[in-house]
Number of protein chains: 2
Amino acid sequence: MCYCHKGHHFHHSKEGCPGFRMEKFIQPCMLLLLYERPAHGYELMERLAQLGFVGHIDPGAVYRNLRKMEEDGLVKSEWESGESGPAKRRYVLTPEGEEAIHGWAVHVRYQMERLKAFLDKYEEFFKDGGNKKTD
Amino acid sequence: MCYCHKGHHFHHSKEGCPGFRMEKFIQPCMLLLLYERPAHGYELMERLAQLGFVGHIDPGAVYRNLRKMEEDGLVKSEWESGESGPAKRRYVLTPEGEEAIHGWAVHVRYQMERLKAFLDKYEEFFKDGGNKKTD
DNA sequence: AACAGCTATATGCATAAAACATATAAAGGA
DNA sequence: TCCTTTATATGTTTTATGCATATAGCTGTT
């Protein structure tokens, strides 16, 4: 489902309907998942569903952001081969990465307050139990 | 203050430190302010402070987004001259614009849930009263 | 009159991010 | 062999953002 502001119902990532962009949000999410336990990109892609990345994960975004975060020293990786399936690049969090999570948490709380300020004002203007569908 | 994930303390919009980008969020915010009452860009720029746009509002973003929303039929404008000061372009919300607000509200609630999912997981891992500064 | 400062709108440009498509390749099963 | 799944990676195009700058009328001051 597309949760954009236009009230569409088609699958996300089709027909170009971005709300405000939060895809960089994938970074703190992956860091948190890596804090939980080391993983490779493909696995993260699946576990991101826990954090609301449902139905529209771009592998490009996952892998590119992992490489970017490795460049920034937030994660490090090594090839893991020999088992079943193709070789995987196993990522682990660095101490810098763990620090970054705390920084992101502050940032995320701040942004949440902004969203809340919007919704508070919205509900003040359109109060009908907080759901516009009462009529 | 910069609320980015890197823990900086300098003034925002300096040294390039974006968290995830939410500047398009200015659109629903301006629509809501215009629902409250018609206004021109400069006034909106000031009233945006109510919604957490503090200290770092780019006039370019304001005017560009207003024109964009007019293109999209969400607002309409007319020149208002004759009073004191230079001519102003007075924006009013259209019915489509009001509809868009409701769409945005749904979208914003959804994004808030995503942020909350992140923070819940974060606090589950780093529980110390919700504040990392207890040590 | 000259000038600075404020109000007000607008545009240009360089870079960053996002959307989307596609390439590569190993392994497993039919 | 061929298709599917797992797994990683890159390229291209469009859109968004950050930042600087242009324009212009009005106000108050000297």
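From a predicted model like this one, the values you see are computed outputs, not experimental measurements. These values consider heavy atoms only, across backbone and side chains, with no hydrogens, waters or symmetry-generated copies. Numbered from 1 within each chain, the chains take letters A, B, ... in sequence-line order.
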Exercise for the section: Whole angstrom is fine here: how far is it from CD in B:Q27 over to C1' in D:dA16? Expected result: 11 Å

Practice task
Please state whether the rings of A:H107 and A:Y110 are parallel, tilted or perpendicular, taking 30° and 60° as the class boundaries.
Solution key: tilted

Exercise for the section: Would you mind reading off the distance between B:L44 atom CG and C:dT7 atom P, rounded to a whole angstrom? Expected result: 15 Å

Practice task
Round to a whole Å and report the spacing from CZ of A:F25 to C1' of C:dA19.
Solution key: 19 Å

Practice task
May I have the distance from A:N65 (atom CG) to C:dA17 (atom P), rounded to whole angstrom?
Solution key: 9 Å

Practice task
Please work out which of the three classes, parallel, tilted or perpendicular, describes the rings of B:F25 and B:F53, given edges at 30° and 60°.
Solution key: parallel

Handout entry: Whole-Å distance separating the NZ atom of B:K68 from the P atom of D:dT17
Key = 11 Å

Protein-nucleic acid N or O pairs under 3.5 Å, nucleotides 9-12 of chain C:
residue, atom, partner, partner atom, Å
C:dT9, OP1, B:R89, N, 2.6
C:dT9, OP1, B:R89, O, 3.4
C:dT9, OP2, B:G41, N, 3.1
C:dT9, OP2, B:Y42, N, 2.7
C:dT9, OP2, B:Y63, OH, 2.9
C:dA10, OP1, B:R67, NH2, 3.3
C:dA10, OP1, B:R89, NE, 3.0
C:dA10, OP1, B:R89, NH2, 3.0
C:dA10, OP2, B:R67, NE, 3.3
C:dG12, O6, B:R64, NH1, 2.9
C:dG12, O6, B:R64, NH2, 2.7

Exercise for the section: Please state how far atom CD in A:E46 lies from atom P in D:dT8, giving the value in whole angstrom units. Expected result: 11 Å

Practice task
Kindly indicate whether the side chain of A:L51, heavy atoms from C-beta on, has any atom under 4.5 Å from the side chain of B:R114.
Solution key: no

Handout entry: Side chains of B:R89 and B:Y63 in contact at under 4.5 Å (non-hydrogen atoms)
Key = no

Problem - Whole-Å distance separating the CD atom of A:E71 from the C1' atom of C:dA16 - result: 14 Å

Exercise for the section: Please work out whether the ring planes of A:H102 and B:F126 are parallel, tilted or perpendicular, with thresholds of 30° and 60°. Expected result: perpendicular

Problem - Donor-acceptor side-chain pairing of A:Q50 and B:K121 below 3.5 angstrom - result: yes

Problem - Atom-pair distance (CE on A:M69; C1' on D:dT8), nearest Å - result: 15 Å

